[in-house]
Amino acid sequence: MYPSSCDTFVALPPSTEGQRIVFGKNSDRPDDEVQEVVYFPAKNYNAGEKVECTYIAIEQVAHTYAVVLSRPAWLWGAEMGANEHQVCIGNEAVWGRESADGEEALLGMDLVRLGLERAHTAEKAVEVITKLLEKYGQGGSCMEDECGFTYHNSFLIADRKEAWLLETSARYWAAERVEGGYRNISNQYGITTKIDKEHPGMREYARREGWWDGKSQFNFAAVYSFMPTARIEASGSRYCEGKKLLEKHNGHISAETMMDILRDKDSGINMHGGAFVTTGSMVSVIPVNPALPGIHYFTATPYPERSVFKPFIFVRDIKQLKQTCSPTYGSDDPVKKKPRFQSKPDRKHQLFIKHELAAAIISTHKEKKQEHKIMQNMRQLEKEKVTEMEKILSDGIEEEAFLVNLFSRSVDEEMALYGKS
């Protein structure tokens, strides 16, 4: 079993409108999995403290940055997110010649969160993730109730000035700097001959394994890739379609453009139906000017075509985002117990429950080809929020206190729409 879809995008000047970087990702996960949006403030730690990741504990650092994360509710890490320094990271599953089976270690999703908590730039995030990868490795089931579902990871990382593509195979890795234009990734290796950073033993390991002759030009994707034909066709098609959509809007890519791309069904980017679906989406707009705030939009609900992208801005005194936090079970959580449990606990958060009820109504009306008022109201709310954020992106923050509850207030407005249905 493997996901049929997962796509991450980044656009940099001159492909964007204004001096901005636009980042976007669809998280495609099992259709019964809940994705929550959570916030963790910056924090200081004492020497010798440990941090409990999904499966293993590792050494904690002295200081972690504030982060906002979109993550499967059962695990510690995240599919995507941003930090207070406007670093954004998304990860995807990749399969190569190296087996992804093995002992439990760090998940790719753990590495997303660790990179955001510990790095103030995209390049530093590459360093953080690769050092942790080399020290602890990657491994463990990536599904809540499926022991054998494992994969390696690729990451797209952006900040105010550039982006990095990082691809891994076990403890080996290669990274490529993206300084302009646009880039998208799907569930396949994409780094070829332009390699800006790499594991010092990566080429020699490939030579010893007989994957590379040691003489021809080194192509990371060609050397380390191996996927069944079905996977190659699925990810390759989405990659090509995503690239076409970016090219179509080249020079004018905005938050709305990225939202439209994530909602595109014909390309397969918006995964709908089947065992894997788009369970959460993220779009970030990061001004090159450090005096201006980054805007991070999250759905916290599945299916972006019938979800609202709600804005989040890093300011002081933000509290936890309660309406999009799933129930927790502490030491009684079945994920913590061995062997793997037989049934999953209820992890639906408040917004998810409301959205689920509204989605049933929307689906019924779509079957009858009737335009439903809920969808109109959702799009109107989103448009109003994007317009409000455009002013902040242009003029900066006038009153920081007003933005403390920006995301939560937007969630309340969305749930109010569902209440009227």
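Sequence positions, counted from 1, serve as the residue numbers for this chain.
Between the side chains of Thr257 and Asp260, not a single donor N or O lies within less than 3.5 Å of an accepting N or O. In the model, Gln35 has a side-chain atom that pairs as donor or acceptor with a side-chain atom of Ser27 under 3.5 Å. When only modelled atom types and interatomic distance are considered, Glu117 and Thr64 share no side-chain donor-acceptor pair under 3.5 Å. Side-chain contact check for Thr193 and Asn219: no donor-acceptor pair (N or O, by modelled atom type) lies under 3.5 Å. Judged purely by distance below 3.5 Å, without hydrogens or angles, the side chains of Thr168 and Gln138 pair a donor atom with an acceptor atom. For the residue pair Asn153 / Asn91, a side-chain donor-acceptor distance below 3.5 Å is found, with atom types taken as modelled. Side-chain contact annotation: Ser216 with Asp213, donor-acceptor N/O pair under 3.5 Å present. Checking Glu36 against Ser70 by side-chain atom types alone, no donor-acceptor pair falls below 3.5 Å. For the residue pair Arg20 and Asn289, no side-chain donor N or O sits within less than 3.5 Å of a side-chain acceptor on the partner. For Asp159 and Thr121, the side-chain atoms include no donor-acceptor pair closer than 3.5 Å.
Aromatic rings of Trp164 and Phe155 (six-membered ring for Trp) have centroids beyond the 6.0 Å cut-off, not under it. Checked against the 6.0 Å centroid threshold, Tyr45 and His63 do not count as a close aromatic pair. In this structure, the ring of Tyr224 has its center no less than 6.0 angstrom from the ring center of Tyr189. Side-chain rings of Tyr172 and Tyr205 approach one another, their centers coming within less than 6.0 Å. Less than 6.0 angstrom separates the ring centroid of Phe314 from the ring centroid of His296.
Atoms NE2 and OG1, on His252 and Thr16 in that order, are 11.0 Å from each other to the nearest 0.5 Å. To the nearest 0.5 angstrom, His355 atom NE2 is 3.5 Å from Ser307 atom OG.
A salt bridge between Lys344 and Glu33 is absent, with no side-chain N of the basic residue lying under 4.0 Å from a carboxylate O of the acidic one. The pair Glu247-Lys244 fails the salt-bridge criterion, with no side-chain N (NZ, NE, NH1 or NH2) lying under 4.0 Å from an Asp/Glu carboxylate O. Electrostatic pairing of Lys197 and Glu127 does not count as a salt bridge here, judged by no charged N lying under 4.0 Å from a carboxylate O. Salt bridge absent: Glu256 and Lys383 never bring a charged side-chain N and a carboxylate O closer than 4.0 Å. The pair Lys194-Asp196 counts as a salt bridge, with a side-chain nitrogen and a carboxylate oxygen less than 4.0 angstrom apart. Salt bridge annotation for Glu414-Lys310: present, with a cationic side-chain nitrogen under 4.0 angstrom from a carboxylate oxygen. Salt bridge Arg263/Glu382: present, at least one basic N to carboxylate O contact under 4.0 Å. A salt bridge links Arg347 and Glu144; the closest N-O separation between the charged side-chain nitrogens and carboxylate oxygens is under 4.0 Å.
At distances below 3.5 Å, not a single donor-acceptor pair connects side-chain atoms of Ser154 with backbone N or O atoms of Glu167. A donor-acceptor contact shorter than 3.5 Å is absent between the side chain of Tyr297 and the backbone of Met259. No side-chain donor-acceptor contact under 3.5 Å links Asp264 to the backbone of Ile261. Between the side chain of Arg71 and the backbone N or O of Ala78, no donor-acceptor pair lies under 3.5 Å. Using modelled atom types, one side-chain atom of Glu84 and one backbone atom of Ala66 make a donor-acceptor pair closer than 3.5 Å. In this structure, Asn184 contributes its side chain and Leu246 its backbone to no donor-acceptor pair below 3.5 Å. Although no hydrogens or angles enter the test, the distance criterion places a donor-acceptor pair under 3.5 Å between the side chain of Thr299 and the main chain of Ser281. No donor-acceptor distance shorter than 3.5 angstrom exists from the side chain of Lys43 to the backbone of Pro41, with no hydrogens or angles considered. Checking side-chain atoms of His349 against main-chain N and O of Val34 turns up no donor-acceptor pair under 3.5 Å.
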Salt bridge (charged side-chain N to carboxylate O under 4.0 Å, His left out) for Glu209 and Arg97? Distances and angles first, verdict last.
CA-CA 10 Å; Glu209 292 295 310; Arg97 294 180 184 271; over 6 Å; no
Would you sort out whether Val10 and Tyr182 count as a side chain to side chain contact (heavy atoms under 4.5 Å, CB included), showing the intermediate values?
CA-CA 6 Å; Val10 68; Tyr182 52 79; over 6 Å; no
Glu241/Arg238 under salt bridge (charged side-chain N to carboxylate O under 4.0 Å, His left out): CA gap, chis, key distance, verdict:
CA-CA 5 Å; Glu241 291 302 313; Arg238 290 193 332 276; over 6 Å; no
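Side chains of Ile286 and Cys88 form a contact here, defined as non-hydrogen atoms less than 4.5 Å apart. At a threshold of 4.5 Å between non-hydrogen side-chain atoms, the residues Lys135 and Arg171 do not count as touching.
Ring geometry, Tyr151 versus Trp95: the interplanar angle exceeds 60°, so the pair is classed perpendicular (tilted spans 30 to 60°).
Residues Leu245 and Ser267 come closest through the heavy atom pair CD1-OG, 4.3 Å.
Test Leu292, Leu403, Leu406 against Ile392 for side-chain contact (heavy atoms from CB on, under 4.5 Å) and you get one pass: Leu403.
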